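Since the structure comes first, as structure tokens, the remarks are kept for the end.
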Amino acid sequence: MPEASGRDREIVVYGASGFTGALTAEYLARTAPGLRWALAGRNQSKLEAVRHRLAAIDPALSTLPLLKAEAGDPESLRAMAASTQVVITTVGPYLNYGEPVVAACAAAGTDYVDLTGEPEFVDRMWLGYHAEAHRTGARLVHSCGFDSIPHDLGALFTVLQLPEGVPLRVEGFVRAGGTLSGGTFHSAVTAMGRLRQSRQAAVERKRAEPRPQGRRVGGIVGPPRRVEEAGGWVLPMPTIDPQVVLRSAAALDRYGPDFRYGHYLTVKRLPVAAGLVGGLGTMVALAQLPPTRKLMLKLKDPGDGPSPEQRESAWFKVRFLGEGDGSRVVTEVAGGDPGYGETSKMLAETALSLARDDLPPTSGQVTTAVALGQSLIDRLSAAGISFTRVS
């Protein structure tokens, strides 16, 4: 167990005055009475405003501790990490603000949870802090929101329906409806503008990271095509999600001696697919040039987010097709607002599981499937995110 297991405070929400941070704090206020926790951030008055909203949910939270901490003050982050078992951080883009928090948690033996979808950040944090976290017992768990819990745990759920000890093939097909926040948009544009640096970090990690012994793990890059079980046309989706799934597969023998995974976006009509490809290509091209990248970033403020009405109408479904040794299964992970309502739920339940559940002994940078597995599937199922076997 991490050194942090004996600390009085269970969870600190860092970035609690931001859009997703406040939603995460509200979720904890509604669902975790008696939790020993605190809010952290750089602006005391904004933290007080969040605490005031939480006290309307649970009057006992009117005295919830507030911690001053910010990325430019490493000592404040060290004190924050040393005070708790788990830190949830929603302060992004993580390439800009995330490393000092990872460093503080790795040094203190404190579990770390974020919602990053930035592959370069995750690779650089493995290179810089995996060994230290392994030494101190800290579990560094990245991508604990819509990136990448439904896909990582959905692939695990699918694998558990298939035979053991045989080659397995799984494909995930994503459908979703919702509105991007300013923070998510800024993270995406930042990542698009750093494709060369991202490739370099991936190569460095591949050279340094041990590979599974006696087993093979690899990706599937299928062509755009129509898949009836997915409900439409599918396009390869080069996000961080398939990387996370494959890292889980590399770490867990249950994925079999030869595991293959493909990840796709599903759209109903072919013209929509063509428009998405063209639009994404334009965004990537514009993000390469500093002047146009700055103009793009001005389109949304980092603190902006969708309205409650927009979040209420948002949804996601991820359909999985799994095959192995003649068996074939179809599974689905589904929920409401993927970017904010369900992401704040995923962040909070991940932290609660790390703080309270009897989990496998792991440390260093680990995925949700490796660190939490069935315990987190059970928590999220109880919280309204469904994991079902369709056929």
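Heavy-atom basis, side chains included; hydrogens, waters and symmetry copies ignored. All figures in this text were calculated on a predicted structure; none of them were measured in a lab.
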Fill in: Electrostatic pair D357:R379 at N-O distance under 4.0 angstrom
yes
Fill in: N-O pairing of R356 and E10 below 4.0 Å
yes
Fill in: Atom pair CD (E48) and CZ (R53), whose distance is rounded to the nearest 0.5 Å
13.0 Å
Discussion item. Hydrogens and angles aside, do S83 and R9 bring a side-chain donor and acceptor to less than 3.5 Å of each other?
Written reply: yes
Discussion item. Using a 6.0 Å cut-off, check whether atom NZ of K68 has over 12 heavy atoms from anything other than its own residue.
Written reply: yes
Discussion item. Against the six-membered ring of F157, is R389 placed for a cation-pi contact (under 6.0 Å from the centre, within 45° of the normal)?
Written reply: no
Worksheet item: Does A55 offer a backbone N or O that forms a donor-acceptor pair with the side chain of S62 under 3.5 Å?
Response: no
Item to complete: Decide whether V318 and V234 are clustered together by the hydrophobic rule: side chain heavy atoms of Ile, Leu, Val, Met, Phe, Trp, Tyr closer than 4.5 Å, transitively.
Response: no
Practice prompt. Please determine which of I88, I11, T110, V141 meets the side chain to side chain contact (heavy atoms under 4.5 Å, CB included) test together with L354.
Written response: V141
Discussion item. Check this for me: does any side-chain nitrogen of one of R169 and E171 sit under 4.0 Å from a carboxylate oxygen of the other?
Written reply: yes
Worksheet item: Under a 4.0 Å N-O cut-off, is there an ion pair linking E99 with R124?
Response: no
Worksheet entry | Interatomic distance, R51 atom CZ to L66 atom CG [nearest 0.5 angstrom] | 4.0 Å
Discussion item. I'd like to know if the side chain of R215 reaches the main chain of L252, judged simply by a donor and an acceptor atom lying under 3.5 Å from each other, with no hydrogens or angles considered.
Written reply: yes
Worksheet item: Angle class for the F173/Y264 ring planes (parallel below 30°, perpendicular above 60°, tilted otherwise)?
Response: parallel
